[in-house]
Amino acid sequence: MKLLPRLALGLSMLLSAPAMAQDLRIGIQAPPSTLDPHWLLNLSNTGALRNIYETLVTRDAQMQLKPGLAQSWRVVDDTTWEFKLRPGVRFHDGAPLTSADVAASFQRVPNVPGNPNPYTIYLAGVAGVEVVDDLTLRIRTSGPLPILPTNLTQISIVPRSVAEKGNAEFNSGAAAIGTGPFRVTSWSTSAPLVMRRNEAWWGGTVPWETASLVPIPVDSARVAALLAGDVDFINNVPLQDAPRIKGDRRFALFDGPSVYAANLYLDVERPNPPGVEAEGRNPMRDVRVRRAMSLALNRDGIARQIMEGYADPTDQPAPPFIFGAIPDRTVPAADPNAAKALLAEAGYPQGFGLNLFCSPSRTPRICQAMAAAWTRIGIRTTVEIVPQATFLTRRNKREYGAFVTGFGSLTGETSYLLGSQLHSAGVVPGLGTLNFTGLGTPETDALIQRARATLDDASRGQQLRELMQRTVDESLIIGVGLLRSVNAGQARLSYQARADEEVLAVEIKPR
């Protein structure tokens, strides 16, 4: 605690420095916790590090695939993809990008020791990489893998010279070498990530000489920094401040659809999970209880009132606009009486006690609304907001019986959510890696594997939609609301909000 004044003073000194025309200062809610692009998969890391590192395939703001470091790719046969690298690309240290760098990067992903949230889900089904020549590689898969290009939007490429380096060497900056529009100048935990323009970037002119990602986790402080001109741009605009910013001609609000949904996860496996008081039983094993918990929620009220219009109601755990989701599903209205009847039918006429664990980013207001709705039907609910630093660690240890967090379908396809969260854990390498609720059956696992291996897009889409329908019908993962990407900046800037909510400095442009 004694460090806080010193950190605040350092931030104040940094923000008070006058800005040059070619310097961009971005106030971010959650700073990156690493410079290692293969360590701890979460938005704060991927969103920051994509300014530095690049992938074979990339996405536009609407999640559509486009060439990245690979300028083209094709299916050779059912278990082989061929990628052609973009010629002339160089890493920040001047070394040319080659197929050997890609192979080394792929090899590194599953071998980073102690990784609390690995990127291995994106390489599930990859059996090996064959270097054909400097600009051609072939990726062998254990079976048909139609989602490979989509998955590769998440695997950053580093030089083979640093591929065997550890997390500490990346965090020191020594190994933090990419091909992206910016290179690292300085960074340390909770300090700004300062980057300098990569003059040799293959993607064209970078509009800023330097770009700094300034961590300002307190919402009011982040808005104040923008209004005072201490930063030029902020992400995750607090909902209560959006109308004020939008109405001020000095600033512009940039918002749009997001792939992030606020989801409820219930332990359906253990007989007496943490935070559940039901005389030693686990009510959430019963589908009627899960349906009651879902049916009690006023999703429209949460979206329009609690989230002040910067959310959209849904009961599926992924946006309806992505591949494999249910595009035209009607969101059920809250029905407390029907929910009470389901609880009584399941053997809980007096309800039970529940501690709802909640991640701190954007979901606490939603959690409080859920707790109030459940208490009205007899599920006596308290909310525990867990600090970000420990939320994932505790989740990974399965210390939660029920928790709410935002989850992003970052591939733009539901196969990611279904494969990581609905598939049984520990059965197939790379699948079930984010399953912390005990979901999964042999039948469901087989259906997920079949969908992931179907090359025909129409058939794969139908299979994924059927799996999503089952997920919703049985309230296995309960969608509560779709979040929106809400950013703001000086009026002299232009920006298109990204559905993945990443903030790429090169996409923020002077008007």
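Within the 4.5 Å cutoff, side-chain heavy atoms of Arg362 are placed close to those of Leu483. The side-chain heavy atoms of Ile26 and Val231, taken from C-beta on, include no pair separated by under 4.5 Å. Using a 4.5 Å heavy-atom threshold, the side chains of Asp267 and Arg270 count as touching. The shortest distance between side-chain heavy atoms of Ile139 and Val126 falls below 4.5 Å. Under the 4.5 Å side-chain criterion, counting only non-hydrogen atoms from C-beta, Leu123 is not in contact with Asn151. Within the 4.5 Å cutoff, the side chain of Tyr310 has no heavy atoms near those of the Pro238 side chain. By the 4.5 Å heavy-atom criterion applied to side chains, Leu354 and Thr382 are not counted as neighbours. Proximity of Asp300 to Val331: side-chain heavy atoms (C-beta onward) are nowhere separated by under 4.5 Å.
Residues Ile322 and Ser409 come closest through the heavy atom pair CD1-CB, 3.5 Å. Of all heavy-atom pairs spanning Ala402 and Leu266, the tightest one is CB-CD2, 3.6 Å. Closest non-hydrogen pair, Pro320 versus Ile326, comes out as CB-O, 3.6 Å. Between Pro360 and Val386, the closest heavy-atom pair is CD-O, 3.1 Å. The minimum heavy-atom distance linking Ile245 with Ala488 is given by the pair CG2-CB, 3.8 Å. Between Val404 and Cys367, the shortest heavy-atom contact is CB-SG, 3.6 Å.
Looking at Arg290, its side chain does come within 3.5 Å of a backbone N or O of Ser475 through a donor-acceptor pair. Using modelled atom types, no side-chain atom of Arg484 and backbone atom of Ala311 make a donor-acceptor pair closer than 3.5 Å. Although no hydrogens or angles enter the test, the distance criterion places no donor-acceptor pair under 3.5 Å between the side chain of Asp60 and the main chain of Lys66. The backbone N or O of Ala499 sits nowhere less than 3.5 Å from a side-chain atom of Arg59 that would complete a donor-acceptor pair. Looking only at distances, no side-chain donor or acceptor of Asn51 sits under 3.5 Å from a matching main-chain atom of Leu504. Judged by distance alone, with hydrogens and angles left aside, the side-chain atoms of His38 form a donor-acceptor pair with the main-chain N or O of Ser156 at under 3.5 Å. Without hydrogens or angle criteria, Arg50 side chain to Gly180 main chain gives no donor-acceptor distance under 3.5 Å. Although no hydrogens or angles enter the test, the distance criterion places no donor-acceptor pair under 3.5 Å between the side chain of Ser459 and the main chain of Asp456. Counting only distance, with no hydrogens or angles, the side chain of Asn282 and the backbone of Asn272 share no donor-acceptor pair below 3.5 Å. At distances below 3.5 Å, not a single donor-acceptor pair connects side-chain atoms of Asn115 with backbone N or O atoms of Val112.
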Report task. Go through Phe357 and Phe403 one step at a time and tell me if the ring-ring contact (aromatic ring centres under 6.0 Å, His included) criterion holds. Result -> CA-CA 4 Å; Phe357 298 89; Phe403 67 94; 8.5 Å; no

Query raised in the report: Between Ile302 and Val480, is a side-chain contact (heavy atoms from CB on, under 4.5 Å) present by the stated rule, with each step listed?
Result: CA-CA 8 Å; Ile302 289 174; Val480 182; 3.9 Å; yes

Requested in this report: Tell me, with the steps shown, if Tyr265 and Gln421 meet side-chain contact (heavy atoms from CB on, under 4.5 Å).
Outcome: CA-CA 10 Å; Tyr265 298 88; Gln421 298 186 352; 3.0 Å; yes

**Report entry** Test log, rule side-chain contact (heavy atoms from CB on, under 4.5 Å), inputs Thr414 and Phe323
**Finding:** CA-CA 6 Å; Thr414 60; Phe323 186 85; 6.0 Å; no

Report task. Decide yes or no on side chain to side chain donor-acceptor pair (under 3.5 Å) for Arg465 and Gln462, but give the supporting numbers first. Result -> CA-CA 5 Å; Arg465 284 190 294 274; Gln462 180 61 32; 3.2 Å; yes

Query raised in the report: Going through the distances and angles, do Leu392 and Asn42 end up as a side-chain contact (heavy atoms from CB on, under 4.5 Å)?
Result: CA-CA 10 Å; Leu392 291 178; Asn42 63 29; 4.2 Å; yes

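Once rounded to the nearest 0.5 Å, the distance linking CD1 of Ile121 with OG1 of Thr433 reads 4.5 Å. Rounded to the nearest 0.5 angstrom, Arg394 CZ and Ser359 OG are separated by 12.5 Å. Interatomic distance, Thr444 OG1 to Leu418 CG, rounded to the nearest 0.5 Å: 10.0 Å. A distance of 9.5 Å separates CE in Met284 from CD1 in Ile379, rounded to the nearest 0.5 Å. Asn171 contributes atom CG, which lies 10.0 Å from atom CD of Glu169 (distance to the nearest 0.5 angstrom). One distance of note links CG of Asn355 with CZ of Arg380; it measures 13.0 Å at 0.5 Å rounding.
Gln154 and Thr46 share no donor-acceptor pair across their side chains, judged by distance under 3.5 Å alone. A side-chain donor-acceptor contact under 3.5 Å links Gln29 and Asp219. Thr393 and Thr390 share no side-chain donor-acceptor pair at under 3.5 Å. In the model, Glu413 has a side-chain atom that pairs as donor or acceptor with a side-chain atom of Ser415 under 3.5 Å. Side chains of Ser258 and Ser485: a donor-acceptor N/O pair is absent below 3.5 angstrom, by distance only. Donor-acceptor pairing under 3.5 Å is lacking for the side chains of Thr34 and Asn45. Ser294 and Arg299 share a donor-acceptor pair across their side chains, judged by distance under 3.5 Å alone.
Between Arg291 and Asp315 there is no salt bridge, since no side-chain nitrogen of the basic residue lies less than 4.0 Å from a carboxylate oxygen of the acidic one. At a threshold of 4.0 Å, the pair Glu474-Arg288 does not count as salt-bridged, since none of the basic side-chain nitrogens sits closer than that to a carboxylate oxygen. A salt bridge links Arg398 to Glu269: at least one charged side-chain nitrogen sits closer than 4.0 Å to a carboxylate oxygen. Salt bridge Arg365/Glu308: present, at least one basic N to carboxylate O contact under 4.0 Å. Under a 4.0 Å N-O distance rule, the pair Arg470/Asp473 does not qualify as a salt bridge. Between Arg498 and Glu507 there is a salt bridge, with a side-chain nitrogen of the basic residue lying less than 4.0 Å from a carboxylate oxygen of the acidic one.
Residues Tyr119 and Phe106 keep their aromatic ring centres 6.0 Å or farther apart. In this structure, Phe233 has its ring center under 6.0 Å from that of Tyr495.
Counting non-hydrogen atoms of other residues, nucleotides and ligands closer than 6.0 Å to CD of Glu384 gives a total above 12. Residue Arg450 qualifies as open at atom CZ: its count of foreign heavy atoms under 6.0 Å is 12 or below.
Scanning for side chain to side chain donor-acceptor pair (under 3.5 Å) contacts around Asp457 gives Arg460, with sequence neighbours left out.
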